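A quick write-up on the structure given underneath.
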Amino acid sequence: MPVRTTFRRWSVGVFAGFALARAPGCRRQPTYHQDVAPILAASCVGCHRDNGVAATPRLETYAEAAAVAAKIALAVRTRDMPPWGADNSGQCRTWHGASWLPDADVRTLVGWAEGSRTEGDAAQARTTPPPPPSFGPVGAVAGMKCDYTPGLGPMAYRCFIVDPDLDADRMIAAFRVVSSEPRSVEQITLYALDSLESELAAEKLDDADLGLGYACYGSARVAEPRLVMSWTWDSPVLRMPTGLAVRMQKRRKAILQIHYNVIATGLGVPTRTRVELEFAGSAKEAHYLLLSPEHLSLAAGQARVEARSDVAISQSMDVLGVAPRMHTLGKTMQLDLVRGARRECVASFDHWSFYRQRLFEYASPLHIDAGDTLQIACIYNTQSRTGATAM
């Protein structure tokens, strides 16, 4: 159940229910071209298009959207779509760059989908796709040297040893994922190997596993891998908070852990992936703090199993974001800050997806004082297991 938070090591020092309300009186009914298409273009079509990572259903035209209007209404009302695992209603803080539709956009989509589904005048179309994220120049590349053909089971969760070939310690401000078949690459974690012992351990695992890389479902399977990046496919670029960066050491290799989903492409489709690194000109160093229970044991065959952990904070810090990890049995996670008699929800993940693990950056830093406690509560579904799940 580890939760990783990224923070600055200095100190100068979930889900909300959604209800639709319709005010009485006259109101122009939304039309596809004028009202719906701009929302879909900005938040949905990037994935729901031909050769997109979620090509079904396609949402590029009026006919396509109208055919699945009921699904659109349900998905946005329940906040399943656009995919964003963290509650952004403000009840558990808010997040930078959240793909979380404003309430007004939800009302527009639901009103159109459950109303007349009017097409409107195509001449009034004002769809403008969002600009590509900024990146560059490329300072180094951590990438696979050969194609890999993902498959089922262990072939869908793979670790690859990569070498960014850094001639000096570098501060990394942003990461860009580039893949020859991006539809199958759903989640990437980049770990730095800061010691020769870790590199040798990874090479031993690689040598013992047939094919490129080695199986690594839950972790990198080596001692003390250092988290550098947690990314998912909603954007090719993952940027660290402004003015901050993470360090990668010179002459050290890294592990590129990739979770594949072959449903999007079918079996037998090769892909090659690299992570491009943007160096920071000047930045303060950010670190990840691992919050994890010493022992985790989940009873089998249960629709709902809860695990909790309390972590006492010994040093004041500014928390910049959260990178949650629960894997496939996880359903929800909540992180609370306890200060004396006061409790505050500081992160809620009620739309957990194993394939959408990433770094969630706060819209504004969360300050934590020495003596505070972080409480983590995770809900799991173990109905697929016949024996206890332990860590």
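All of these numbers come straight from a predicted model, not from anything done at the bench. Every heavy atom of this structure was used, including side-chain atoms; hydrogens, water molecules and symmetry mates were not.
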Side-chain heavy atoms of Ile255 within contact of Val162, under 4.5 Å = no
Report the relative orientation of the aromatic rings in Trp112 and Tyr32; use parallel for angles under 30°, tilted for 30 to 60°, perpendicular for over 60°.
-> tilted
Audit row: Leu109, Leu101, side chain to side chain contact (heavy atoms under 4.5 Å, CB included) steps and yes/no | CA-CA 10 Å; Leu109 293 177; Leu101 290 181; 3.8 Å; yes
Side-chain (Asp209) to main-chain (Ala215) donor-acceptor, under 3.5 angstrom = yes
Note: Glu181-Arg183 ion pair, threshold 4.0 Å (strictly below) | yes
Any salt bridge between Asp165 and Arg251, counting N to O under 4.0 Å?
-> yes
Gap separating the CG atom of Leu366 from the CE atom of Met317, nearest 0.5 angstrom | 10.0 Å
Pair Thr328, Tyr217: side-chain N/O donor-acceptor within cut-off below 3.5 Å | yes
Atom pair CG/CD of Leu166 and Gln249 - distance to nearest 0.5 Å | 10.0 Å
Is it possible for you to say whether Val53 and Met81 belong to one hydrophobic cluster, with membership spreading through side-chain heavy-atom contacts below 4.5 Å?
-> no
Are Phe360 and Asn88 side-chain neighbours, meaning at least one heavy-atom pair lies under 4.5 Å?
-> no
Nearest heavy-atom neighbours spanning Cys44 and Leu59 = CB-CD1, 4.0 Å
Could you walk me through whether Cys345 and Gln334 pass side chain to side chain contact (heavy atoms under 4.5 Å, CB included), step by step?
-> CA-CA 7 Å; Cys345 176; Gln334 181 163 318; 3.8 Å; yes
His48 and Glu64: CA distance, side-chain angles, deciding distance, side chain to side chain contact (heavy atoms under 4.5 Å, CB included) verdict = CA-CA 10 Å; His48 292 278; Glu64 291 168 347; over 6 Å; no
Is the shortest heavy-atom distance from the side chain of Arg252 to the side chain of Leu193 under 4.5 Å?
-> no
Find the distance between CD (Glu186) and CD1 (Ile263) and round it off to the nearest 0.5 Å.
-> 8.0 Å
Presence of salt bridge, Lys71 and Asp80, under 4.0 angstrom | no
Identify the heavy atoms of Cys92 and Asp87 that sit nearest to each other, and give their distance.
-> N-OD2, 3.9 Å
NZ on Lys331 to CG on Asn381, rounded to 0.5 Å = 6.0 Å
Contact summary for Val269 and Gly266, nearest pair of heavy atoms | CG2-O, 3.7 Å
Nearest heavy-atom pair of Ile368 and Arg339: which atoms, and what distance?
-> CA-NH2, 3.9 Å
Between Tyr260 and Leu212, is there a shared hydrophobic cluster once you connect ILVMFWY residues whose side-chain heavy atoms come closer than 4.5 Å?
-> yes
Going by the angle between their ring planes, with limits at 30° and 60°, are Trp95 and Tyr362 parallel, tilted or perpendicular?
-> parallel
When rounded to the nearest 0.5 Å, the distance separating CD1 of Ile188 from CG of Leu238 is 10.5 Å
Is the side chain of Thr232 donor-acceptor paired with the backbone N or O of Gln357 at a distance under 3.5 Å, no angle test?
-> no
Between Arg358 and Asp234, is there a salt bridge with N-O shorter than 4.0 Å?
-> yes
Taking Thr273 for its side chain and Ser179 for its backbone only, find out whether a donor-acceptor pair lies under 3.5 Å.
-> no
Taking side chain as C-beta onward, heavy atoms only, is Arg170 less than 4.5 Å from Leu277?
-> no
Is any side-chain N of the basic residue among Glu278 and Arg239 closer than 4.0 Å to the acidic one's carboxylate O?
-> yes
For side chain to side chain contact (heavy atoms under 4.5 Å, CB included), just list the numbers for Arg272 and Arg274, CA-CA rounded to whole Å, side-chain angles, deciding distance to a tenth of an Å, and then say yes or no.
-> CA-CA 7 Å; Arg272 186 183 305 191; Arg274 68 179 185 270; over 6 Å; no
Can we say Arg247 and Glu285 salt-bridge, meaning some charged N sits less than 4.0 Å from an Asp/Glu carboxylate O?
-> yes
Whether over 12 other heavy atoms sit under 6.0 Å from Leu267 CG | yes
Could you tell me whether the side chain of His96 and the main chain of Pro241 form a donor-acceptor pair under 3.5 Å?
-> no
To the nearest 0.5 Å, tell me how far Glu306 CD sits from Cys378 SG.
-> 9.0 Å
Look at the side-chain heavy atoms of Ile, Leu, Val, Met, Phe, Trp and Tyr, link any pair under 4.5 Å apart, and say whether Met144 and Ile161 land in one connected group.
-> no
With distance as the sole test, does Asp206 use its side chain to make a donor-acceptor pair with the main-chain N or O of Ala202 at under 3.5 Å?
-> no
Correct closest heavy-atom pair for Ala388 and Ala300 would be N-CB, 4.2 Å
Derivation of the side-chain hydrogen bond (donor to acceptor under 3.5 Å, both in side chains) call for Gln187 and Thr189 = CA-CA 7 Å; Gln187 202 276 328; Thr189 306; 3.3 Å; yes
Measure the shortest side-chain to side-chain distance between Ser230 and Arg325 over non-hydrogen atoms and say whether it is less than 4.5 angstrom.
-> yes
Close side-chain approach of Leu329 and Arg385, heavy atoms under 4.5 Å = yes
Of the non-hydrogen atoms in Tyr288 and Leu359, which two are nearest, and what is the gap between them?
-> OH-CD2, 3.9 Å
Ion pair check, Asp163 and Lys253, cut-off under 4.0 Å | no
Does Trp352 reach the main-chain N or O of His327 with its side chain, forming a donor-acceptor pair under 3.5 Å?
-> yes
Answer yes or no: does atom CD of Glu224 have more than 12 heavy-atom neighbours from other residues, nucleotides or ligands under 6.0 Å?
-> no
Please determine if Arg79 forms a cation-pi arrangement with Trp84, meaning its NZ or CZ atom is less than 6.0 Å from the six-membered ring centre and no more than 45° off the ring axis.
-> no
Arg117 (side chain) donor-acceptor with Ala65 (main chain) under 3.5 angstrom | no
Is any side-chain heavy atom of Phe349 less than 4.5 Å from a side-chain heavy atom of Leu335?
-> no
Parallel under 30°, tilted from 30 to 60°, perpendicular over 60°: which one fits the rings of Tyr148 and Phe160?
-> perpendicular
Within a strict 4.5 Å, meaning less than it, do heavy atoms of the Asp369 and Ile313 side chains meet?
-> no
Checking Thr382 side chain against Gln302 main chain: does a donor-acceptor pair fall under 3.5 Å?
-> yes
Say whether Ile39 and Val106 are linked into one hydrophobic cluster, either directly or through other cluster members, by side-chain heavy-atom distances under 4.5 angstrom.
-> yes
Polar side-chain atom of Thr108 near backbone of Ala104 as donor-acceptor pair, under 3.5 Å = yes
Same apolar cluster: Val262 and Met155, side chain cutoff 4.5 Å | no
Would you say the side-chain atoms of Tyr214 pair up with the backbone N or O of Ala220, donor to acceptor, closer than 3.5 Å?
-> yes
